[in-house]
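Notes follow once the structure below has been shown.
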Amino acid sequence: MDQRQSLWEFMQQQSGKLLQQTIQHIGLTFISLLIAVLIGLPLGIYIARNKKAAGIVLGAAGVLQTIPSIALLGFLIPVLGIGPVPAIAALFLYALLPVIRNTYTGINGVDPGVKEAALAMGMTATQRLFRVDLVLAFPVIMAGIRTATVINVGVGTLAAYIAAGGLGEFIFGGIALNNTNMILAGAIPAALLAILLDFLLSLVQRTGSRKRKMVLGLLPLVMLFFSSFYVMPIGNTRLLAGFTPEFMGRRDGDIGLRSVYGLTIRTVVISDAVMYKAIYDHKLDVISGYSTDGRLQAYDLVTLEDDKKIFPPYYAAPVVRSEVLRNYPELAPVLNKLAGRINDSIMTLLNYRAEYLNQPPDRIARDFLESAGLYHPPRNGKKGLIRLGSKIFPEQYILTDMYAMLIRGFTDLEVDSKTGLGGTKICFEALVHQQIDMYPEYTGTALLAILQPPPALTDRLAGSRDSVYRYVSDRFDREYGLTWLDPIGFNNAYALMMRRSQAEQSGIRTISDLTHYLKNQK
Amino acid sequence: MIVVKNISKRFNMHNAVDNISFTVGQGENVVFLGTSGSGKTTLLKMINRLIEPDCGEILIDGRSIVDQRPEHLRRGIGYVFQNNGLFPHYTIEENIAIVPRLLGWNRDRIAPRVISLMEKLRLPPAQYLNAYPNELSGGQQQRVGIARALAADPPVLLMDEPFGALDPITRASVKKDFKELDELRSKTIILVTHDVQEAFELADRIFLMDGGRIIQEGKPEDMFDRPATQYVKDFFEGQRYIFDHFKNSQH
Ligand SMILES: Nc1ncnc2c1ncn2[C@@H]1O[C@H](COP(=O)(O)OP(=O)(O)OP(=O)(O)O)[C@@H](O)[C@H]1O
Ligand SMILES: [Mg+2]
C-alpha cells in the first residue's frame with residue numbers, strides 16, 4: 001500500500017524546480033539585502049552623528065520589524081501589487097533594522113579616545129569615517145548584515161504567497177498537500193542556505209582590519225552578483241496563470257492540467273488570499289479558484305468547464321472522530337441538520353458576504369440558521385466539550401460557526417473553536433491526533449490530498465459524487481476512526497477561472513479551449 | 001607664539017575654564033599644573049579646537065585659530081593624549097605616519113622619518129614597525145603617541161598628562177628619552193599635569209590652575225618664594241625637597 005517516495009527521490013525528480021527555486025531564493029535574499037545595505041548603512045552612519053534623528057529612525061525601523069511578515073505583505077499588496085516588487089520591499093524592510101542598528105551601535109562603540117585622536121591628528125569627518133569609524137565598527141556592522149541575511153532567507157519563503165517564487169513554493173505546497181517530502185524539499189534547502197550564508201558571512205566578519213575597507217567596497221558588488229540570480233519564471237505564452245501552492249502539486253491541479261489537457265502556460269505561485277484581486281487587476285489572466293468563492297461574481301470571473309474531468313467532486317461534509325459520536329449519540333443528528341441545506345449558490349452568496357462585504361462569519365452563520373429555522377439560543381450546557389477546527393478561509397469559518405451554534409442550541413454540549421488551522425494537512429493531523437474533534441472537509445480533497453489512491457482508481461472514482469464519498473468515508477472509518485457525516489449539499493470544486501471579458505473575447509469556454517488558444521498563440 | 005585671551009567654557013552651568021588669559025612665547029615650554037577637574041584638559045583642547053570656547057580668542061603666531069579650517073589647524077599642532085589614543089587597527093608605522101600622510105608627504109619622505117623617530121624614542125624599528133599597539137607595553141605605546149605627535153614636525157606641541165598613566169619607573173625612562181629629543185628645541189610646548197615634579201622638570205614657566213582659573217604663573221622657584229595665595233602655599237607645601245633635589249641634580 002505504502003508507495004510513497006523517499007525525500008531523496010522527490011528531490012531528484014523535482015531537481016529542476018528545486019534548483020530554480022533555490023536560485024530565485026538566493027536572488028530574492030540578496031536583492032533586498034543589497035538595497036537594505038545601500039540604504040541602511042548611510043542611514044546608520046547619519047544617525048550615529050545625529051542623536052536626535054537616531055531615536056526616530058531606530059524606532060520606525062523597530063516598528064516595521066514587529067509587523068508579522070504575512071501582515072506586512074498584506075499591507076504592501078494594495079500599494080505594490082503582487083510579484084517580486086512587494087516581496088523585495090517586504091524583505092528589504094525586515095533587513096533594514098539590523099543593518100541600521102548595527103551600523104549605529106558599531107560606530108558609537110568605537111573607542112571615543114580613538115575617535116578624538118583621529119580629529120586631533122587633523123582628519124576631516126569623512127576621513128575619520130572611512131579610515132577609523134567604519135573599519136573599527138566593521139565586525140558589528142557585518143553581524144547586522146548576517147542577521148539581516150538569515151531573516152531574509154526565512155521570510156523569503158513567504159514570497160511564494162505573492163507570486164515571487166523561492167523555496168516557499170515547495171514548503172507551502174507541501175503543507176497544503178499533506179506532502180512531507182515536498183515540505184522538506186523546500187525547508188531543508190532554505191535552512192541549509194541560511195546556515196551556509198551565515199557561515200560565509202561569519203568568515204567575512206572576521207576579516208582583519210587591513211582588508212576591511214576593501215571588503216566593504218566589494219560586498220555590494222558580490223550582492224549585486226547574487227541578486228542577478230533572480231529571474232522570474234519565464235514561459236512562452238502571453239497569458240499568465242497564478243496557481244496556489246496546493247494546486248501546483250495536486251493531480252487535480254497543475255499536474256492534471258499538464259498531463260490530461262497538455263496545458264502549458266506561464267505560471268506563478270500565489271496565495272488564494274490575493275489571487276482574486278490580482279486577476280481582477282489584470283496582473284494574472286488565469287487562476288485556480290474555488291467554484292463557490294464569493295468573489296467570482298464581484299470580480300466578474302467565469303469558471304472554465306472541466307471538459308476532461310480532472311477535478312473530482314468536492315462535496316463538503318463534517319468529518320468527526322467516531323469516538324466522540326459514540327460518546328454523545330445526540331451529536332450526529334444535530335450536525336446532520338445542515339445536510340443538504342446549502343447548495344452551490346447559497347454557499348457562494350454566503351462567501352460573498354464574508355469575502356467581499358467583509359461581514360463577520362458568525363453573523364453570516366446566524367442569519368442563515370435563523371432564515372432556515374435552525375437557530376436556537378445557546379443552552380449553556382456543560383455536559384462535554386466538542387472542539388471544532390477549520391481551515392484558514394472564510395467558507396470554513398462560516399460552516400464552523402454554524403456547527404458551533406447548532407451544538408450549543410440543540411445539545412447540552414459546550415464548544416471550543418480552533419479556527420484557522422492552515423491547510424488540509426494541519427486540520428487532518430489535528431483530528432487524527434485528537435487535538436480537535438471535527439472539521440468540515442471536501443470529498444475530492446480527502447481523496448487526492450489525504451488518501452492519494454493510485455491514479456487508476458482515482459480516474460474510476462472521479463466522475464461520481466457518491467462513489468468518491470463512499471470511498472473516502474469507508475477508508476477514513478477503517479484507517480483513522482473518523483466518520484463522514486452527510487454532505488452539506490454544495491460542491492466547492494477546484495476550477496480554472498478567467499475574467500469574463502477576456503474569456504469571451506478569446507472564445508474560451510472550456511479548459512480545452514484554453515489549451516488550444518495557447519497553442520495557436522505560439 | 002600663542003596668545004590666549006579671556007577664554008571660558010561652561011559645561012552644564014559649571015565653569016570648566018573661567019576667563020583664562022596667557023601668552024606662551026616661541027620655543028617656550030610651559031606646564032599647566034592643577035588638581036583633577038581644574039580644567040586643564042578643557043583648556044588644552046580649546047587650543048586645537050577639539051572644544052570650542054564659549055567666549056574669548058586664541059591666536060597662534062598672530063592668526064586667530066577660528067580663521068582656518070580645524071583640520072588644517074590641527075595638522076600643525078602635535079597632540080599627545082593621556083591614554084595614547086593610538087589606532088588599534090594601524091601598525092606602529094602607520095600610526096606614526098598619520099599626519100604626514102594627511103599632509104600628503106610621499107613615501108620616500110615618510111619612511112625614514114618614522115624610522116628616525118622610532119629610534120630616537122627607543123622603539124627598535126625592526127621589531128615594532130609592523131606591530132600593532134596592543135602588542136606593546138604601556139610605556140612603549142606612550143612613546144608611539146609622542147612619536148605620532150612629532151611626526152610632521154609641528155611647531156606647537158600640546159601634551160595632556162603624557163606620562164600620567166605610567167608606573168614611576170617607566171615614567172622616568174620615557175620622560176628621560178623625551179627630554180633628550182633634539183626635536184623639541186624649537187617647539188612651543190604646552191604640557192598639562194598634576195605632578196609637581198614633572199612640572200619642575202619640564203617647565204620654563206608654570207601655571208597653577210584651580211577651579212578653571214589660573215591662580216599663579218611664574219618660574220618654578222616663584223611658586224615657593226612668592227606664593228600668591230594660601231592655596232598655592234598649601235599646594236607646594238612639602239614639595240620643596242623635590243624642587244631642591246631636582247635643582248641640585250641639574251647643576
Ligand atoms: N564634555 C564635558 N561635559 C561636561 N562636563 C565636562 C566635560 N568635560 C569636562 N567637564 C567638566 O569640566 C571640569 C574640568 O574638566 P577637565 O577634564 O578639563 O579637568 P582636568 O583638569 O583635565 O582634570 P584631570 O586631571 O582629571 O584630567 C570637570 O568638572 C569636568 O567634570
Ligand atoms: Mg584632564
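In the text below, chain A, chain B and the rest are named by the order of the sequence lines, each starting its count at 1.
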By a 4.5 Å heavy-atom criterion (distance strictly below it), what part of A:L119 contacts chain B: side chain, backbone, both, or neither? both

Please tabulate the donor-acceptor pairs under 3.5 angstrom that span chain A and chain B, backbone and side chains included.
| unit_1 | atom_1 | unit_2 | atom_2 | d |
| --- | --- | --- | --- | --- |
| A:E116 | OE1 | B:K45 | NZ | 3.1 |
| A:E116 | OE2 | B:K45 | NZ | 2.9 |
| A:G122 | O | B:R75 | NE | 2.7 |
| A:G122 | O | B:R75 | NH2 | 2.8 |
| A:Q127 | OE1 | B:R75 | NH2 | 3.3 |
| A:R131 | O | B:H89 | NE2 | 2.7 |
| A:R210 | NE | B:Y132 | OH | 2.7 |
| A:R210 | NH2 | B:E94 | OE1 | 2.6 |
| A:R210 | NH2 | B:E94 | OE2 | 2.6 |

For atom CZ of B:F22, decide whether the heavy atoms of other residues, nucleotides or ligands shown that lie under 6.0 angstrom number more than 12. yes

Checking B:L103 against chain A: side chain, backbone, both or neither under 4.5 Å from a heavy atom? neither

Using heavy-atom distances under 4.5 Å, tell me whether A:A118 contacts chain B through its side chain, its backbone, both, or neither. both

Indicate the atoms forming the closest heavy-atom contact of B:G85 with A:A117, along with that distance. O-CB, 3.2 Å

Count the heavy atoms belonging to other residues, nucleotides or ligands that lie under 6.0 Å from CZ of B:F11, then report whether that count exceeds 12. yes

Please report the interatomic distance CZ(B:F87) to CE(A:M123), rounded to the nearest 0.5 Å. 4.0 Å

Sort A:V114 into side chain, backbone, both or neither according to what part of it lies under 4.5 angstrom from a heavy atom of chain B. both

